[in-house]
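Every heavy atom of this structure was used, including side-chain atoms; hydrogens, water molecules and symmetry mates were not. Numbering of ligands and ligand atoms starts at 1, following listing order.
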Amino acid sequence: MEFYNTFSRELETFRPIEDSQVKMYTCGPTVYNYAHIGNFRAYMFEDILRRSLEYLGYDVIQVMNLTDVDDKTINGSIATGVSLDDYTSTYKKAFFEDLESLGIEPAEYYPAATGHIPEMIHLIETLIERGNAYVSDDNCVYFKVTSFSDYGKLAHLNMDGMQAGARVAQDEYDKDNVADFALWKAWDESDGDVWWDSPWGKGRPGWHIECSAMSFKYLGESFDIHTGGIDNMFPHHENEIAQAEAATGKKFVNYWLHCAHLRVDNQKMSKSVGNFYTLRDLFDKGYEGREIRYVLLAGHYRQSLNFSFDALDAAKTSLGRIDAFRLRLKEYSAAGDEKGTLPMWAEKASVGFHDGISDDLNVSECLAEIFDMIHDGNIAMDAGELTAADGKKVDELFDGFNKVLGVLDLPEQTIPAGIEALVVQRKEARDSKNWALSDEIRDQLARMGWEVKDTPDGAKLRKA
Ligand code: AMP
Ligand code: ZN
């Protein structure tokens, strides 16, 4: 398997530290609001990554943190007059519901920052002892960037013009602001009742230290893969490397993978610009999790993806083609035994799919293989050249592909009672050979968006 490692800016063959186990850390949401679908692009890419690794036989241990203390969560809790815990638990709950609607496999661990303050304090103490951090006059602790000669190696920064001693207290800043960054922030009035005791007095951790401390706890000091959206590369991931490697003297992470942004009208989808949609917004417009999942996975993760409703409608059409084929294949192969083999066109798709995901998660290639297979499969069924047993094998191949893509399963259809009643009336009309009425009911069903097909096993209903 090959990945584009942001660290080297090259495609590299993936070799985990342990033979068959992969440890990966994925930066999770700041739970101050509903996540938008730009955020979910990042979580979807990580889902495809984890599922692909599993497909190729690895055991995956994935950690995704929940940032439940920072400026934004504190401001939100104060503005709404509820405790920080109550405020963030609403958005944690919504986040997990959203992951489920998108069919994202759960990570093994979802550590919350507020549950790991002692681990962060301990790591900060180590950094002070080793001369990589210092306490400022106002009882904050800063990481001393000049103490770590490799600083800038991920984001490829030129450190020549850096001003020694300049400090930033915010968690997010741009590349021109390279400076000592806060590990611990002393309490001030704007923090309200949010603070923890520490050797430096009342305060709270910075954002970056959270991920280093929690990844150490769950994955160890060195692990295989670390991911996030490209905006996380600097300063967040650069700072994570500095904190971790300064504390341990060991290489922190072997492969850094970053996804490009989801954009709207050529701007990054983000809360601050206001051009964002949450999943809830899209559900209200009648779209389903599966369609949104399809849009988010269909482009290559390193290319920016422009969000549009046209893309969602196209996803609906593509999924309709997949469903129609799977339904036909299932009916066609229902009587088949277990002794089939894959026809050549399906064997080709199987190899192509494997090559596609191994090639830096080339999902578009995998989808192209699937649509080729649908084309060839329909021709083979039309010509009666596919045996029922071989058809079963093709169906199983789809199940295997679905382990990675998670959109290929036929959705369960709930048939409204009114529709069910019309189908019964139509059957009665057919039983009494009233073909005119039967056709009339069929047309009525079609106008209501349901297609009815008569088979030897009775009438089959499908959403048109
Ligand atoms: P945040 O809650 O802002 O810390 O972001 C959570 C995750 O979503 C991070 O991995 C970000 O890099 C990622 N992210 C934020 N906005 C976008 C976007 N428009 N497209 C893709 N990923 C994003
Ligand atoms: Zn992080």
### Message
Can you confirm if the aromatic rings of F309 and F307 lie within a centre distance of less than 6.0 Å?
### Response
yes
### Message
Within 45 degrees of the ring normal and closer than 6.0 Å to the centroid, is that where the cationic atom of K250 sits relative to F223?
### Response
no
### Query
Around ligand 1, what residues show up once you keep those with a heavy atom under 4.0 Å from it?
G28, P29, T30, H36, G38, N39, A42, Y43, G228, G229, D231, N232, A260, H261, L262, K268, M269
### Task
Tell me yes or no: between the side chains of T114 and D68, is some donor less than 3.5 Å from an acceptor?
yes
### For the Zn ion (ligand 2): protein N/O/S atoms at distances below 2.8 Å
3
### Side-chain heavy-atom pair L342, V394 within 4.5 angstrom cut-off
yes
### Query
Among V60, V363, D47, V404, which residue meets the side-chain contact (heavy atoms from CB on, under 4.5 Å) test with S52?
V404
### Message
For a quick test of reading the model, state the closest non-hydrogen atom pair linking K72 to T30 and the distance between them.
### Response
CE-CG2, 4.4 Å
### Query
Just by distance, with hydrogens left out, do D313 and Y287 show a side-chain donor and acceptor under 3.5 Å apart?
yes
### Message
Closer than 4.0 angstrom, basic N to acidic O: yes or no for E54 and R51?
### Response
no
### Query
So is R167 actually on top of F181's ring, under 6.0 Å and inside 45° of the axis?
no
